[in-house]
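Step one of this worksheet: look at the structure below.
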There are 2 protein chains.
Amino acid sequence: MSDKLTIGKLAGATGTKVETIRYYEQIGLLPAPERSAGNYRTYEDAHLRRLSFIRRARDLGFSIDQVRELMGLADRRDQSCIAVDVVANQHRDAIRRKIADLTALANELDVLIDSCTRNTVADCRIIEALAPSG
Amino acid sequence: MSDKLTIGKLAGATGTKVETIRYYEQIGLLPAPERSAGNYRTYEDAHLRRLSFIRRARDLGFSIDQVRELMGLADRRDQSCIAVDVVANQHRDAIRRKIADLTALANELDVLIDSCTRNTVADCRIIEALAPSG
DNA sequence: GCTTGACCCTCTAGCGACTAGAGGGTGCAT
DNA sequence: ATGCACCCTCTAGTCGCTAGAGGGTCAAGC
């Protein structure tokens, strides 16, 4: 209801940086707003809603392209939302895979770190483990 | 023992791409080798060892800067290896934090996805959750 | 000896998603 | 009228590569 926001107000209202908003405009993620007499961007409530959507999706780790896709789907309100479900599922699965990768990595590091006897570098197990043939 | 590798052989021996090796040379991570008459890079065993170290550390998720630091420490063989331990610990902790973040994210997505009734987009809970006052 | 094809060279630009900085204009309060 | 916070555009930097253009080298086969 509070129309006509400056870019700074919009940034504050959504927890986004001013530069990021201009960037989103540049890549066509957020539509370019009207300009004031002094060439300032003047945002309306529609922009605020759009940017909130973007922020939330980005916070959930969706890529810019996925956000674009989700917004495209969200605008076709009479269609089935199965496509939305698919995007969300793909993203969740990718995250689960990344968690598995990182867990394996952390475990390997645990082994390395536990083997450290804190002597000199010459017989450091961590360095040894990294350098295959010393 | 098998001296004088071409960049392609070195790449094959370490599982690195040729372009990546040239990149490592450019940023000063791997020392520039001698050149043949035809201006080809000619690598020696020392390079092979160095690159293997780099690869292994990178595979464990260490950043380029951390690899640089670890190599610097590895070369001072009479020093204490506590500094090595510190770098490894910092990295492991950062990974654990990232895992926690991603787990929270995946759980949020689970809730969203479970709420999807596969009806129209107009009453899609996923879209609703993204758009705060849609 | 000439061609083919695999390999090598340099240089530049691109990816994702911003972030930072230079160099300047606007708007409002004192 | 002066100061200051805010806004504008444009360019370049971040990280760790990757890809492509446009060329040179080398060994093998005919």
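Below, chains carry the letters A, B, ... as their sequence lines are ordered, and counting in each starts from 1.
Computed from C1' positions of five pairs at each end, the angle between the two local axes of the helix from C:dG1-D:dC30 to C:dT30-D:dA1 equals 30°, rounded to 10 degrees.
For the atom pair A:H91 NE2 and B:L109 CG, the distance stands at 5.0 Å (nearest 0.5 Å). With rounding to the nearest 0.5 angstrom, the CD atom of B:Q66 is 7.5 Å from the CD atom of B:E69. Atom CD1 of B:I64 sits about 4.5 Å away from atom OH of B:Y24, to the nearest 0.5 Å. From B:I82, atom CD1 reaches atom CG of B:N89 across 11.5 Å, with rounding to the nearest 0.5 Å.
Residues A:V121 and B:S80 come closest through the heavy atom pair CG2-O, 3.6 Å. A:D78 and B:T120 make their closest contact through O-CG2, 3.7 Å (heavy atoms, listed as atom of the first residue, atom of the second, distance). Minimum heavy-atom separation, A:F53 to B:I127: CE1-O, 4.2 Å.
The CG atom of A:L5 sits 15 Å away from the P atom of D:dC6 (whole-angstrom rounding).
In this structure, B:I7 reaches the sugar-phosphate backbone alone: every heavy-atom distance under 4.0 Å involves primed, P, OP1 or OP2 atoms, never a base.
Between A:R92 and A:D85 no salt bridge is recorded (no basic side-chain N to carboxylate O distance below 4.0 Å). Salt bridge annotation for A:D59-A:R55: present, with a cationic side-chain nitrogen under 4.0 angstrom from a carboxylate oxygen. In this structure, B:R56 pairs ionically with A:E108, as a charged nitrogen and a carboxylate oxygen lie closer than 4.0 Å. Between B:R41 and B:E25 a salt bridge is recorded (basic side-chain N to carboxylate O distance below 4.0 Å). Between B:K98 and B:D101 there is no salt bridge, since no side-chain nitrogen of the basic residue lies less than 4.0 Å from a carboxylate oxygen of the acidic one.
First and last contacts of DNA chain C with chain B, using any nucleotide atom under 4.0 Å from a protein heavy atom and ordered 5' to 3', fall at C:dC7 to C:dT10.
Of the residues in residues 13-24 of chain A, A:K17, A:T20, A:Y23, A:Y24 come within less than 4.0 Å of DNA chain C through at least one heavy atom, sorted by number. A heavy atom closer than 4.0 Å to some atom of DNA chain D occurs in B:R58, B:S63, B:I64, these being the qualifying members of residues 55-75 of chain B. Interface residues of residues 28-42 of chain A facing DNA chain D, ordered by number: A:R35, A:N39, A:Y40, A:R41; criterion, heavy-atom separation under 4.0 Å.
With sequence neighbours left out, the side chain to side chain donor-acceptor pair (under 3.5 Å) criterion links A:E19 to no other residue.
A:T14 contributes a side-chain N or O that, together with a main-chain N or O of A:L10, makes up a donor-acceptor pair within less than 3.5 Å.
Side-chain polar atoms of B:D65 and B:S63 form no donor-acceptor pair below 3.5 angstrom.
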